[in-house]
S.K.: 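Okay, here's the structure, questions in a sec.
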Amino acid sequence: MLVEKIWYETDVNDRLRFVLGKYSTNPLFVIGLNPSTATPEKSDITFSKVQQFARNDGFDGVVMLNLYPQRSTLPEGLHKRGQSRLIQENAAKIKIACSAFDPIYIWAAWGNQIESRPYLIRSLQLIADQLSSLPVKWLHRGPLTKAGHPRHPSRMGYQVDTFVFNLPDYLRKFS
């Protein structure tokens, strides 16, 4: 009997979520904006869709990560000012999660809402710095938004193409 090992890291009150997924040998990492309501017992639209995208592309698992770990169903519910401790802890946990894999495929999936809080770009920069020594291959799906951001998966059809995402150029443009 195959037993899947859940990968779920939260704070003691479940108000923050750092990692959601299942341990696998070839996962697709997905970095969204912030965690919503998904848990190992109850998926949400975003997590369900990224799991299907990953299966369609030959990955054997998904690990959902975020730019900021605070749970909120809407980006407007995020802290007005980012908490430095949370941003640093989140980036460190992302590096730990990714460091056992080679290569590391990361789907950038945060959408235009990254502009809703100035600290979200700074958080992405810290994540990029943490991952700079690892063999990361950044991806995005579908065309970038008109504003130049990688699209969020929740409203995306399964027929969209995957493209290489040039994170250094993106950070130069938006930092």
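A quick note: this is a predicted structure, and the numbers were derived from the prediction, not measured.
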S.K.: Applying the 4.5 Å side-chain criterion to the ILVMFWY set and letting contacts propagate, would Leu86 and Ile94 be lumped into a single cluster?
M.R.: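 Result: yes, single cluster for both.
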S.K.: Find the distance between CG (Asp44) and NZ (Lys42) and round it off to the nearest 0.5 Å.
M.R.: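 Separation between the atoms: 7.5 Å.
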S.K.: Tell me whether Leu131 is reachable from Met64 by hopping between hydrophobic residues (I, L, V, M, F, W, Y) whose side-chain heavy atoms are closer than 4.5 Å.
M.R.: no
S.K.: Centre-to-centre under 6.0 Å for His79 and Tyr119, is that the case here?
M.R.: no
S.K.: May I ask whether Phe18 and Phe101 are part of the same hydrophobic cluster, defined by side-chain heavy atoms of I, L, V, M, F, W, Y residues being less than 4.5 angstrom apart, directly or through others?
M.R.: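 Cluster IDs for Phe18 and Phe101 match.
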S.K.: So Arg15 and Gln70, side chain to side chain contact (heavy atoms under 4.5 Å, CB included) or not? Walk me through it.
M.R.: CA-CA 6 Å; Arg15 291 186 189 138; Gln70 180 190 3; over 6 Å; no
S.K.: Measuring from atom CG of Leu33 to atom CD of Glu115, what distance do you get when rounded to the nearest 0.5 angstrom?
M.R.: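 The CD atom of Glu115 is 11.0 Å from CG of Leu33, to the nearest 0.5 Å.
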S.K.: Phe59 pairs by ring-ring contact (aromatic ring centres under 6.0 Å, His included) with which of Phe29, Trp107, Tyr105?
M.R.: Tyr105
S.K.: Enter the distance from Ile87:CD1 to Leu67:CG here, rounded to the nearest 0.5 Å.
M.R.: 10.0 Å
S.K.: How would you list all residue pairs meeting salt bridge (Lys or Arg N to Asp or Glu O under 4.0 Å) that involve residues 81-105, not counting sequence neighbours?
M.R.: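 For residues 81-105, and leaving out neighbouring residues, the salt bridge (Lys or Arg N to Asp or Glu O under 4.0 Å) pairs sorted by first residue read Glu9-Lys93, Arg85-Glu89.
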S.K.: Is Leu144 reachable from Ile31 through a run of I, L, V, M, F, W or Y residues, each pair having side-chain heavy atoms under 4.5 Å apart?
M.R.: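 Yes, it is one cluster - the side chains of Ile31 and Leu144 are joined through contacts under 4.5 Å.
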S.K.: Does a donor on one side chain sit under 3.5 Å from an acceptor on the other, for Arg122 and Gln125?
M.R.: no
S.K.: Applying a strict under-4.5 Å side-chain criterion to I, L, V, M, F, W and Y, I'd like to know whether Ile127 and Leu20 cluster together.
M.R.: no
S.K.: Is it true that a side-chain atom of Arg55 and a backbone atom of Gly61 form a donor plus acceptor pair closer than 3.5 Å?
M.R.: no
S.K.: Ser99: which residues meet the side chain to side chain contact (heavy atoms under 4.5 Å, CB included) condition with it, sequence neighbours left out?
M.R.: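 Ser99 satisfies side chain to side chain contact (heavy atoms under 4.5 Å, CB included) with Leu134 once adjacent residues are dropped.
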S.K.: For a quick test of your reading: what N or O donor-acceptor pairs under 3.5 Å do the side chains of residues 157-171 make, sequence neighbours left out?
M.R.:
unit_1: Thr162; atom_1: OG1; unit_2: Arg141; atom_2: NH1; d: 2.9
unit_1: Asn166; atom_1: OD1; unit_2: Asp169; atom_2: N; d: 3.0
unit_1: Asn166; atom_1: ND2; unit_2: Asp169; atom_2: OD2; d: 3.0
unit_1: Asp169; atom_1: OD1; unit_2: Arg172; atom_2: NH2; d: 2.3
unit_1: Tyr170; atom_1: OH; unit_2: Trp110; atom_2: NE1; d: 3.0
unit_1: Tyr170; atom_1: OH; unit_2: His149; atom_2: ND1; d: 2.6

